[in-house]
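Contents: one structure, followed by commentary.
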Amino acid sequence: MQNYLTPNFAFAPIIPDHAAGSRVWDTEGREYIDLAGGIAVNALGHCHPQLVDALARQAAKLWHISNIYTTAPAQMLAKKLTEHTFADKVFFCNSGAEANEAALKLARKYARDHFGESKTEIIACVNAFHGRTLFTVSVGGQPKYSRDFAPLPGGITHIPYNDADALAAAISEKTCAVIIEPVQGESGVLPADAAFLQAARRLCDENHALLVFDEVQTGMGRTGKLFAYEHYGVRPDILTSAKALGCGFPIGAMLTTDAVAPSFAPGTHGSTFGGNPLACAVGNCAFDIISTPETLQNAVNQGKKLQTALALLGEETGVFKEVRGMGLLIGCVLADGYTDRAGELTQAALKHGLMILVAGSNVIRLAPSLLLNDEDLQEGMKRLRAAVASWLG
Ligand SMILES: *Cc1c(COP(=O)(O)O)cnc(C)c1O
C-alpha cells in the first residue's frame with residue numbers, strides 16, 4: 001500500500017482490517033492473536049459489544065459541544081474516577097502526553113501560587129517515558145526523543161529509577177514536582193521498588209513538592225488493580241491516565257486533589273476536545289467493566305499464567321534471562337546472546353500470526369486484553385514458541 005504519512009512511523013508489513021476480542025484479521029484475511037493490545041490500550045479487547053453499543057448510542061445523541069458546557073458523560077466519568085481513587089477532581093484531555101502536560105503545568109502553577117516564582121524544578125527518572133510534546137519529551141528520560149528538538153524547556157533534572165538516595169540528593173525547596181511511572185513501561189517494563197515510591201512520598205512532603213504518578217500505561221486495570229499505586233500504598237498528588245481509559249477511543253485524564261486543583265482556575269488551561277461526550281461515554285462503559293473484581297482478577301490470573309509460560313519458554317530456549325511485570329503488563333528481557341534483537345522477534349511473531357511489542361531494544365513486551373481467555377493465551381504462546389524456533393533457525 002502506498003504510504004502517504006510522514007515517515008516517523010516504521011509500519012509493520014501487514015494492514016489490519018477488523019478485529020474481535022483478542023483476534024485481529026488483516027486485509028489478506030490472515031488471523032493474528034493480539035497480545036500487544038494496541039500498546040496497552042485495548043484493555044477490553046477489540047470491538048467489545050458493550051463499548052460498541054455505548055459509542056453508537058452516544059453518537060446518535062451528542063458528539064461535541066465544547067468546554068463552554070459540561071455534559072453528563074464527562075461528570076459521570078469524573079465521579080467514577082474520583083470515587084475509586086485518591087483524587088477529588090479530574091481534567092480531561094485526549095492523550096497521555098496531554099495528561100502529563102497538564103500535570104506538569106499544574107505543578108508549576110501550584111508551586112507559584114503557594115511558594116513563589118523560584119519553585120519550578122521538576123525531577124524525573126532516567127529512561128522514563130511521558131509522551132511526545134516538547135515538555136513531556138524533555139521531562140522524559142530518553143535524550144534520543146528530545147535532543148533533536150532543542151532548545152528544550154529548562155528546570156528538569158533526571159535521577160536513576162529506583163534510586164531513593166539520588167532523589168534525596170536532587171530534591172530541594174526549589175522542586176515543584178517529582179514524576180514517576182510506577183512501572184517504567186516503554187523502556188523495559190521495570191516495576192518500581194516500594195521503598196523508592198515511599199521515599200518519594202516522604203521527600204515530596206518534606207520539600208513541599210507534588211508527587212505525580214504517570215499511570216498512562218499502568219492504569220485502568222493493567223496491573224491487576226485499577227491503578228498501580230494501589231499495590232504500593234503510596235498516594236500521589238496528581239495521577240495521569242490515558243491509553244486504556246477509552247479502550248481505543250482517544251481520551252486522557254489528569255486526576256488531582258481538592259488541595260491542588262484550585263490552581264487550575266478558570267482560563268489557566270484548556271482543551272477543545274477534552275471531556276468530549278463520545279470519549280466520555282466510551283470511558284464510562286470501559287470503567288464499569290474494567291473496575292469489576294472479575295476483570296481485575298482475570299488480569300491477575302492470566303498475567304500469572306503468561307509469566308509462567310514465558311519463563312518456561314525462556315528456560316527451554318535460552319532466549320529470555322528474566323520475565324517480569326505486574327498483571328498483564330509483562331516484559332521478557334532477552335538473554336545476553338540476543339542483546340538488542342527484540343525487534344527481530346516481534347517480526348518473527350507477526351509472521352507466525354502473533355502481535356507482541358518491544359519495550360526498548362532488549363525487552364519483549366506483552367499488554368493484551370484484560371479479558372484474555374485461556375484459549376487465546378495458549379494459542380498465542382504456541383505461536384510465540386513457533387516464532388522463537390524459526391528465529392533461532
Ligand atoms: C504511552 C505513554 C505516554 C504517552 O501517551 P500518548 O497517548 O501517546 O500521548 C505517557 N506516559 C506513559 C507512561 C506512556 O506509556
Side-chain angles (χ1 to χ4, degrees), residues 5-6 8-9 36-43 91-107 122-142 144-146 149 156 158 161-162 177-192 197 200 211-223 226-229 231-232 236 238-255 271-276 279 282-283 286 325-331 357-360 363 365-368:
L5 306 184
T6 54
N8 50 313
F9 298 110
I39 316 189
V41 167
N42 299 313
F91 167 78
F92 286 120
C93 50
N94 311 289
S95 68
E98 284 182 32
N100 285 326
E101 188 84 19
L104 297 164
K105 284 179 71 179
L106 177 60
I122 293 162
I123 299 177
C125 293
V126 173
N127 287 332
F129 184 80
H130 298 301
R132 299 290 202 139
T133 63
L134 194 62
F135 200 178
T136 56
V137 283
S138 306
V139 171
Q142 302 185 67
K144 67 177 181 207
Y145 292 142
S146 60
F149 305 102
I156 301 162
H158 292 95
Y161 192 64
N162 276 334
V178 175
I179 182 166
I180 301 173
E181 295 164 88
V183 180
Q184 281 196 332
E186 294 302 307
S187 63
V189 190
L190 190 60
L197 298 189
L211 181 59
V212 182
F213 284 163
D214 178 346
E215 293 232 27
V216 170
Q217 186 152 167
T218 55
M220 294 310 294
R222 177 58 49 199
T223 67
L226 189 60
F227 288 101
Y229 78 86
H231 293 284
Y232 293 93
I238 298 177
L239 178 149
T240 55
S241 176
K243 291 199 165 90
L245 187 59
C247 286
F249 200 99
I251 180 170
M254 183 206 64
L255 283 59
S271 164
T272 291
F273 293 125
N276 172 284
V282 175
M326 290 172 92
L328 280 172
L329 181 57
I330 300 171
L357 299 162
V358 301
V363 174
R365 175 175 35 156
L366 275 61

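Ligands are counted one by one from 1 in listed order, and the atoms in each one are counted from 1 as well. Being a predicted model, the structure only gives us computed values, none of them experimental.
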- Message: Please determine whether side-chain contact (heavy atoms from CB on, under 4.5 Å) holds for the pair Leu239 and Tyr229, giving the CA-CA distance in whole Å, both sets of side-chain angles, and the decisive distance to 0.1 Å.
- Response: CA-CA 9 Å; Leu239 178 149; Tyr229 78 86; 3.6 Å; yes
- Interfacing atoms of ligand 1 (cut-off 4.0 Å, heavy-atom, Ala97): 4 (C), 5 (O), 6 (P), 9 (O)
- Query: For ligand 1, which atoms sit closer than 4.0 Å to a heavy atom of Lys243?
  - Reply: 1 (C), 2 (C), 3 (C), 14 (C), 15 (O)
- Message: Within ligand 1, which atoms have a heavy atom of Glu181 less than 4.0 Å away?
- Response: 13 (C)
- Item | Gly96 N/O to ligand 1 N/O under 3.5 Å | yes
- Item | Atom indices of ligand 1 within 4.0 angstrom of Asn100 heavy atoms, with elements | 10 (C), 11 (N)
- Task: Record the part of His130 in heavy-atom contact with ligand 1 below 4.0 Å; permitted values are side chain, backbone, both and neither.
- Result: backbone
- Is it true that a side-chain atom of Glu181 and a backbone atom of Val216 form a donor plus acceptor pair closer than 3.5 Å? no
- Query: If we only count heavy atoms from C-beta on, is the Ile179 to Val139 side-chain gap below 4.5 Å?
  - Reply: yes
- Which of the atoms of ligand 1 are close to Asp214, meaning less than 4.0 Å from one of its heavy atoms? 10 (C), 11 (N), 12 (C), 13 (C)
- Give yes or no for whether the N/O distance cutoff of 3.5 Å, strictly under, is met between Gln217 and ligand 1. yes
- Atoms of ligand 1 under 4.0 Å from any heavy atom of Ser95, numbered from 1 in the order shown, are 7 (O), 9 (O)
Can you give the donor-acceptor pairs under 3.5 Å from side chains of residues 129-137 to other protein atoms, not counting sequence neighbours?
from	atom 1	to	atom 2	distance (Å)
His130	ND1	Asp214	OD2	2.7
Thr133	OG1	Glu101	OE1	2.6
Thr133	OG1	Thr136	N	3.2
Thr133	OG1	Thr136	OG1	2.7
Thr136	OG1	Gly131	O	3.4
Thr136	OG1	Arg132	N	3.3
Thr136	OG1	Thr133	N	3.0
Thr136	OG1	Thr133	O	3.2

- Tell me, do Pro182 and His231 make a side-chain contact under 4.5 Å, heavy atoms counted? no
- Item | CA sep, side-chain torsions, deciding dist, call: Leu328, Leu366, side-chain contact (heavy atoms from CB on, under 4.5 Å) | CA-CA 7 Å; Leu328 280 172; Leu366 275 61; over 6 Å; no
- For atom 8 (O) of ligand 1, is the nearest protein heavy atom under 4.0 Å away? no
- Output yes when the distance from some N or O of ligand 1 to some N or O of Phe129 is under 3.5 Å, and no in every other case. yes
- Would you check, one step at a time, whether the test side-chain contact (heavy atoms from CB on, under 4.5 Å) holds for Met254 with Asn100? CA-CA 7 Å; Met254 183 206 64; Asn100 285 326; over 6 Å; no
- Taking all non-hydrogen atoms of both residues, which atom of Glu186 and which atom of Ile39 are closest, and how far apart? OE2-CG2, 4.0 Å
- Show which atoms of ligand 1 fall inside a sub-4.0 Å distance from at least one heavy-atom site of Gly131. 4 (C), 10 (C)
